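Before any comments, here is the structure.
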Amino acid sequence: MDSISPEQRLYTALAAIPPGYVVTYGQLASLSGWPRRARWVGQQLKRLPTGTTLPWHRVINAAGKISFPVGSDKAHEQAKRLRQDGVEVVHGKVSLAKYQWPG
DNA sequence: CGACTGACCAGAT
DNA sequence: TATCTGGCCAGTC
């Protein structure tokens, strides 16, 4: 049965991403059981509380880039966290070939 | 109701 | 990988 909400499925999938890896919005949507809901994923992440423990920083767009304006606090914060995870971030970009989580 | 927007995507080239 | 294009979905005005 499906007593859990779509949001719960999303959070569960997000929490399952191991340090040192990243996933794309579309990939996370699929992992959550909602293919083609990439935009919805973005809206949900935006709703996350400031102090959340979920690894929201491990989510980047299909181009391998951080989906925040270059130079913004958010972009900087995400890059900072990714580096702490051991992920190389160059010009707000990450190599999906090297760091994308197989799932 | 239609138009616009956004932490987006996959396919073709 | 990069660029271009059409598509998708939920919210907001």
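Within every chain, numbering begins at 1; the chains are lettered A, B, ... in the order of the sequence lines, protein sequences first and strands thereafter. These numbers were taken from a predicted model, which means no experiment stands behind them. Basis for what follows: all heavy atoms, side chains included, without hydrogens, waters or symmetry-related copies.
- Few gaps surround CZ on A/Arg81; more than 12 heavy atoms of other groups in view lie less than 6.0 Å from it.
- Rounded to a whole Å, the CZ atom of A/Arg36 is 24 Å from the P atom of B/dG6.
- Atom pair A/Trp34:CH2 and C/dA10:P shows a separation of 8 Å (rounding to whole Å applied).
- Atoms CG (A/Asn61) and P (C/dA2) sit 11 Å apart, rounded to a whole Å.
- A/Tyr11 and A/Gln44 share no side-chain donor-acceptor pair at under 3.5 Å.
- Atom pair A/Leu10:CG and C/dA10:C1' shows a separation of 15 Å (rounding to whole Å applied).
- Residue contacts shown for A/Lys93 are limited to sugar-phosphate atoms, with no base heavy atom under 4.0 Å away.
- A/Arg39 contributes a side-chain N or O that forms a donor-acceptor pair with the base of B/dC8 under 3.5 Å.
- Here the nucleotide nearest the side chain of A/Gln43, chosen from C/dT1, B/dC8, C/dG11, is C/dG11.
- For A/Trp34, the CH2 atom is loosely surrounded, since the number of other residues' heavy atoms within 6.0 Å does not exceed 12.
- The distance between atom CD1 of A/Ile66 and atom P of B/dC8, rounded to the nearest whole Å, is 12 Å.
- Taking the C1' atom of each, B/dG6 and C/dC8 are spaced 12 Å apart, rounded to whole Å.
- Put simply, A/Ser67 has a side-chain N or O that comes within less than 4.0 Å of OP1 or OP2 on B/dC8.
- Partner of A/Val22 under the side chain to side chain contact (heavy atoms under 4.5 Å, CB included) criterion, chosen from A/Leu82, A/Val59, A/Leu28: A/Leu82.
- Distance check on atom P: B/dA10 versus C/dT1 gives 14 Å, rounded to whole Å.
- Heavy atoms of A/Ala97 sit under 4.0 angstrom from primed sugar atoms or phosphate atoms, though from no base atom.
- In this structure, the CG atom of A/Leu14 is 17 Å from the P atom of B/dA7, given to the nearest Å.
- Counting non-hydrogen atoms under 4.0 angstrom, A/Leu96 reaches the backbone sugars and phosphates but no base.
- The distance between atom CZ of A/Arg47 and atom P of C/dG11, rounded to the nearest whole Å, is 8 Å.
- B/dC1 and C/dC13 have their C1' atoms separated by 12 Å, given to the nearest Å.
- Between the CH2 atom of A/Trp40 and the P atom of B/dA7 there is a distance of 16 Å, rounded to whole Å.
- Remark: A/Glu7 CD is packed, more than 12 non-hydrogen atoms of other residues, nucleotides or ligands lying under 6.0 Å away.
- Residue A/Thr24 places its side chain closer to B/dC9 than to any other of C/dC9, B/dC9, B/dA7.
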